[in-house]
Each structure stands twice: as structure tokens, then as C-alpha cells.
*Asks:* 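My structure is below; once you've seen it, I'll send some questions.
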Amino acid sequence: SDDSIVAVDSNGTVTAISGGIATIAATGTHSGSIGSAFVAVSDTSPASIRVAPAATSIRVGETATLTATSTDAEDIIAWSSSNNSIARIDASGTVTGVTEGTVAIEARGSHSEAFGTASVTIVGALPDRVDVTPVETTLRPTQTTTLTATSTDSADSFTWSTSDNS
């Protein structure tokens, strides 16, 4: 064993000292047989990945963009969803709500294999809405005006009716 890399006590407990690889040997006191193990000590901290925002909510059909930051400059981020039937995520970190529910979105580093997660909750879509313009108008008997209707549902067509408030 290299004492500058690790120290080992009489119970086999190994303590890291500095970076490198050391061989630890165990010798049977009666048999004299020897076994060994390699211990690697890394001077660098393990990589980590931070996903922002860590939690967000979007509606069905809407999108949100997540960002991932790795402490390993060589990482290329790969995104995944814990349930693609609730939310999908593309290679650029854009998550799309599919149906109501909550998913974990994972960002994993290609080099470090470190990962970070975000929680994304998908809530119901906004109800369809029809807007009529102008909202209010005043006419004299025999005058006409044309109202315009628009809908958040692109398949809508319109039927018109009146409710006389005399």
C-alpha cells in the first residue's frame, strides 16, 4: 500500500489521504495467505447537475423551458420524463404538458453521468372561450351592426341568438 494515498488500520478500515491508486493487502496471520484490493482516491469532487426551475406548473398543451447546469464542462445534457403520457421533454429542455399529473424531469450528463431533477405538474387546459366584439353597442330602431365572434377552439363555428332584456 502507498501510505501517501491511503491509510489502513488493523480492522481493515481504509482512510483516503490524497489522489491516486493504492493496493491494500490482507495477510492471514496463521496461513500466511495474502489477498489484495485496489483503492482509488479521486481529488476531484463528483459532478453535479442543477435543473431550474426545480418545480413548475403548466397547463395541458402548454410548454415551459427548463435549464440544466453541470459542474462538468464536458457534459452534454440528455433530458427524460418519468412519464411521457403526462409530459414530454425535448432535447433542448422544453417540456410539454400532455395530460394532468406530476412528473419528474431528469437532466443527465453524458460525461459525468450525474443527474438533476425538476418536478413538473400539469394542470387542466383552459376552458374554450368565445369572445364577441364589440362587447357593447347601442343602436336606434332600424340600425344594424355586425358583431364578430372568435374562439380559442379553432374548429368552432357560430350560431347566433338573442336574449331580449327590455
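Below, all heavy atoms of this structure are taken into account, side chains as well, without hydrogens, waters or symmetry copies. Everything numeric in this text was worked out from a predicted model, so none of it was measured.
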*Asks:* List the atom of V120, the atom of I58, and the distance in Å for their closest heavy-atom pair.
*Replies:* CG1-CG1, 4.4 Å
*Asks:* Test of understanding: with side chain to side chain donor-acceptor pair (under 3.5 Å), list the residues that count as partners of T13, not counting sequence neighbours.
*Replies:* none
*Asks:* Given 3.5 Å as the limit, does a donor-acceptor pair link the side chain of T133 with the main chain of V135, or not?
*Replies:* no
*Asks:* Determine, using the 4.5 Å side-chain heavy-atom cutoff (strictly less than), whether V60 and V123 are members of one ILVMFWY cluster.
*Replies:* no
*Asks:* Can you hop from F115 to I105 via hydrophobic side chains spaced under 4.5 Å?
*Replies:* no
*Asks:* Is atom CG of L147 surrounded by more than 12 heavy atoms (other residues, nucleotides or ligands) closer than 6.0 Å?
*Replies:* yes
*Asks:* Side-chain donor-acceptor pair under 3.5 Å between T96 and T63, yes or no?
*Replies:* no
*Asks:* Could you give the distance from OG (S110) to CD1 (I77), rounded to the nearest 0.5 Å?
*Replies:* 7.5 Å
*Asks:* Rounded at 0.5 Å granularity, tell me how far CD1 in I122 sits from OG in S57.
*Replies:* 8.0 Å
*Asks:* So if you build clusters from Ile, Leu, Val, Met, Phe, Trp, Tyr with side-chain heavy-atom gaps below 4.5 Å, do V39 and I5 land together?
*Replies:* yes
*Asks:* What is the minimum heavy-atom distance between A87 and V103, and which atoms define it?
*Replies:* CB-CG2, 3.7 Å
*Asks:* Checking the side chain of R50 only, and the main-chain atoms of T69 only, is there a donor and an acceptor separated by less than 3.5 Å?
*Replies:* no
*Asks:* Which heavy atom of I89 sits nearest to which heavy atom of W79, and what is that distance?
*Replies:* CD1-CE3, 3.6 Å
*Asks:* Would you list the pairs meeting salt bridge (charged side-chain N to carboxylate O under 4.0 Å, His left out) in which at least one residue belongs to residues 77-104, sequence neighbours left out?
*Replies:* none
*Asks:* Answer yes if V98 and L66 sit in the same cluster of Ile, Leu, Val, Met, Phe, Trp and Tyr residues linked by side chain heavy atoms under 4.5 Å apart, and no otherwise.
*Replies:* no
*Asks:* Which residue pairs pass the salt bridge (charged side-chain N to carboxylate O under 4.0 Å, His left out) test when at least one of the two sits in residues 102-126, sequence neighbours left out?
*Replies:* E106-R108
*Asks:* Give me the atom names and distance for the closest heavy-atom approach of G109 to I49.
*Replies:* N-CD1, 3.2 Å
*Asks:* Taking only residues two or more places apart in sequence or in another chain, which ones pass salt bridge (charged side-chain N to carboxylate O under 4.0 Å, His left out) with R140?
*Replies:* none
*Asks:* Is there a side-chain contact between S81 and I86, using heavy atoms and a 4.5 Å cut-off?
*Replies:* no
*Asks:* Suppose we screen for salt bridge (charged side-chain N to carboxylate O under 4.0 Å, His left out). Which residues come up paired with D9, at least two apart in sequence or across chains?
*Replies:* none
*Asks:* What residues form a side chain to side chain donor-acceptor pair (under 3.5 Å) with S70, not counting sequence neighbours?
*Replies:* D75
*Asks:* Any donor and acceptor pair, going by atom type alone, linking the side chain of S151 with main-chain N or O of V130 inside 3.5 Å?
*Replies:* no
*Asks:* Between S82 and A104, is there a donor-acceptor pair closer than 3.5 Å when you use the side chain of the first and the backbone of the second?
*Replies:* yes
*Asks:* Provide the closest heavy-atom pair for A118 versus P53 in the form atom of the first, atom of the second, distance.
*Replies:* CB-O, 3.5 Å
*Asks:* Considering non-hydrogen atoms only, spot the tightest contact between A25 and I34 and give its length.
*Replies:* CB-CG2, 4.2 Å
